[in-house]
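To keep things clear, I will list the structure first and then write my remarks on it.
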Amino acid sequence: MRVGVITFPGTLDDVDAQRAVRYADGEAVPLWHGDHDLKGVDAVIVPGGFSYGDYLRCGAIARFAPVMQEVIEAANKGMPVLGICNGFQILAEAHLLPGALVRNHKLHFVCRDQWLKVENNTTAWTTRYDEGAEILVPLKSGEGGYQANEDTLKELEDNNRIVFRYVGENPNGSRNNIAGITNAKGNVVGLMPHPEHAIDALTGPTDDGLGMFLSLLDSVVKA
Amino acid sequence: MARVVVDVMPKPEILDPQGQAVANALPRLGFDGITAVRQGKHFELEVADDVDDATLAKIAETFLANPVIEDWTVRRVEA
Amino acid sequence: MARVVVDVMPKPEILDPQGQAVANALPRLGFDGITAVRQGKHFELEVADDVDDATLAKIAETFLANPVIEDWTVRRVEA
Amino acid sequence: MSIDTVKNAESTPDQEQPYKELGLKDDEYARIKEILGRRPTDAELAMYSVMWSEHCSYKSSKVHLKYFGETTTDEMKSKMLAGIGENAGVVDIGDGWAVTFKVESHNHPSYVEPYQGAATGVGGIVRDILAMGARPLAVMDPLRFGKPDAADTRRVLPGIVAGVGGYGNCLGLPNIGGEVVFDESYQGNPLVNALCVGTMRVEDLHLAHASGTGNKVILYGARTGLDGIGGVSVLASETFDDSAGKRKKLPSVQVGDPFTEKVLIECSLELFEKGIVVGIQDLGGAGLSCATSELASAGDGGMHVWLDRVPLRATGMTPAEILSSESQERMCAVVEPANVEAFMEVCKKWDVIATEIGEVTDGDRLVITYHDEVVVDVPPRTVAHEGPVYNRPIQRPADQDELQANTPDSLPRPENVLELIKTMAASPNLASKRWVTQQYDRYVRGNTVLAQPSDGGMIQIDEETHRGVALSTDCNGRYTKLDPYEGAKLALAEAYRNVSATGATPVAVTNCLNFGSPEDPAVMWQFEQAVKGLADGCVELGIPVTGGNVSFYNQTGSTAILPTPVVGVLGVIDDVRRRIPTGIGAEAGETLLLLGE
Ligand SMILES: Nc1ncnc2c1ncn2[C@@H]1O[C@H](COP(=O)(O)OP(=O)(O)O)[C@@H](O)[C@H]1O
């Protein structure tokens, strides 16, 4: 399994995402924002950080990078794509996922260990979890509040497109406690919390996040 | 050279935590009579004379604002 | 009720990383002819009629703007 | 715009200069004239005045700081690859890894503009670490505030915390610890100290010097603007004619751009990796004045700088302003001519502006020209390393005995211990610091083994061998006020204990000595005592001080802050999997042991 991990100027969690891929016995392939091809990878991770400083809006500048045009095309053809935190914001700006992420309702950056409920275990990235399972992974973001209009929210709810929900107090004002969503096909997933920081209890709160990368392995092998 | 101003505001139905924080703080600071505050972005662009209105509209819509959550206005001002 | 707009901008001599990032990105997106961009904040306030200009000036100076690094303007607009 | 050139200075020896406004004393100004054999140009005056300031020259502390060197034995030094005098100390931690760490203050700027002051404080210390050739790994932020409910604390605290987080989070440096302490004495003078730790392979250590005639001096990173030149603007009004407009006094505030710094870090690391840098220097306080004079002074030749080549952000900047600008996110490198092209290529990949601004010469002068006119011609050592040194008067305060005589014996005993515990738990200095620490990313890059709320932070350095380092910073200003000598020792002991408690072995010490005015003999006494205490404590524990920072003039009116020698201890652990997490009660039936007296 070859998984591309994109680095934009200002990307921070690319090394973590690459490590998570290796933990799942995959091969991590670094992709540069200026690349015009995806080097034959089976899936792509758009990792967290502050691409272009998160100036203007989080993800607004990164989504125009050459490599993103390739990602958009591949995603539309069904390639598994995961956006974590800033990566989720980039996928939303690129319209691969609906809605937008806005400033946390309490206006502070929040870094904490966050319980999530797995709502949908049929996406390319979540088959290893039981539906309804609760996992503990880090959340660290200043603009993680998920916003969308009523129609979009209804569409997400009705079609089981909410992948993760925050458990307990809503950390950032997200509508419907949404932590992560998927596209209609289930190959593109975006979430604000960081499963790649929870792959080893030595450096993370748990290893609960590893399941996402192992799920990918399953879906790539199956495909 | 022309000067162009683009104002970008959160859509009315979208939560605006920043504006709300301002509105809540004002009475505490002793300022009464401000019933609502919304906070957005204000851009000032120096623009070559051959950049037309359609291009400016496109820049605002595709880049400076996110139409999913924001409204925007574009206007040319005296330099 | 009156509507008041306060625009807050980084002072000219102060670095504006946000505006700079926008300016640098525009040519990459295929938009040429934008020679400079500065980014600030835009506030829209709903204000009771008995709030006078002096109060509005005070709100802008002491709260909405940071006079150490920002300039600001206050104007009443038609509702 | 008429520029004050060396030629002009020679022909107008009696022209009055605003050296006092720039903070120079009569005798210091006289010494500059003696060194140069003429009056300084505006640009030279700007350089000397910033470089001879307390902050840059350590003129009041030098005589005392020597004690650290005098007391460091060869055995203590055995693991030290670079020590006091370099940008940051470097320690050999085994397996071919070297670690560099340092703590610095950004107190006053954070009082003036809390967010940007704290943010640029983090940015500055990170560049210090980068300038050693190291990859910055983590940050910590020892903070001090006035009373929690005071209006000024409400103004500065949220901004400072957001600034530390805003900058550090965006750089991808986990925040692995720090301090939040409240005391009235810090009202109007909060302390913002920032620590950074970085790592490199031993062979990649880069020291700041410019040697090799013909080597190029390259300025790279952000453009140079009018930020932070505050004081020097008094010179501008003399050189600007009316048509250019007299420039009003500029705010001495710098705005940070963490994104540019992040790119600068990655770009620099790639340059180091390719081996195309001879010497490197970060631009911090005193900007180009500092970088050019320090590089030249530490090298074996002279240097020529073409100031008009410096990429500017503002129009009409004078040479003095360009030299003193404190614009952030800039570095200066010395590169062999054959490598310039490769250097430029790496910068281009990262979209970093890089400009050849100078050259190492075989002379012994630092010569700076501006559009072919010589505006600076000085012996660089006189600027960078041979500034004034003061042996300030020292006087143990008259009320010190009284202070010490007032012991806890005079306090009433608590009647209800449970109530007392509740009161203590709720007191701001003991309460949870989560409001602060949850604004900091402690996970980024996936090597954080321990962070808040652990006693010490721990970072894994090598994923294969699991070698890592642990760090803690501590200081109790109230102890130090009661007895600066013992108080400094206690700060050291606390940081040492906190590092030991993680399972690591302490190996080195850094410090940030925050004190009041050195012109107050009582403050100087506190300072001298604290340095002695810290140094003697280090000898007892057998670990060296590898670097540090002095911040004087922390006072409101004539009242000084509590003497606050913040001590940072670095420890090494050969396998982070054997760390000892904080906390008891993981399993029922655990035995609780109290060690010590
Ligand atoms: N400003 C800060 N930045 C980062 N971490 C902090 C800060 N202040 C406190 N901490 C962390 O919070 C934890 C608790 O701090 P504190 O209550 O001061 O503990 P202690 O009294 O045991 O030193 C420690 O891990 C400390 O490093």
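Every chain is numbered from 1, with letters handed out A, B, ... down the list of sequences.
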Chain C against chain B: donor-acceptor pairs under 3.5 Å:
from, atom 1, to, atom 2, distance (Å)
B:D7, OD1, C:H42, ND1, 3.1
B:G33, O, C:A48, N, 2.8
B:T35, N, C:E46, O, 2.8
B:T35, OG1, C:E46, O, 3.2
B:A36, O, C:E46, N, 2.8
B:R38, N, C:E44, O, 2.9
B:R38, O, C:E44, N, 2.9
B:G40, N, C:H42, O, 2.7
B:G40, O, C:H42, N, 3.0
B:H42, N, C:G40, O, 3.0
B:H42, O, C:G40, N, 2.6
B:H42, ND1, C:D7, OD1, 3.2
B:E44, N, C:R38, O, 2.9
B:E44, O, C:R38, N, 2.9
B:E46, N, C:A36, O, 2.8
B:E46, O, C:T35, N, 2.8
B:E46, O, C:T35, OG1, 3.2
B:A48, N, C:G33, O, 2.8

Practice prompt. Quick one: pull up CD1 in B:I59 and CD1 in C:I34 and give me the separation to the nearest 0.5 Å.
Written response: 4.0 Å
Worksheet item: Which residues satisfy the ring-ring contact (aromatic ring centres under 6.0 Å, His included) test with C:F31, sequence neighbours excluded?
Response: none
Item to complete: Against chain B, label C:F43 side chain, backbone, both or neither, depending on which of its atoms sit under 4.5 Å from a heavy atom there.
Response: both
Worksheet entry | Side chain / backbone / both / neither for B:V47 at chain C, heavy atoms under 4.5 Å | both
Worksheet item: If you tally heavy-atom pairs under 4.5 Å against chain C, which of B:V4, B:L45, B:V8 wins?
Response: B:L45
Response to the item:
Sorted by chain and residue number, the side-chain contact (heavy atoms from CB on, under 4.5 Å) partners of C:A23 (sequence neighbours excluded) come out as C:V37
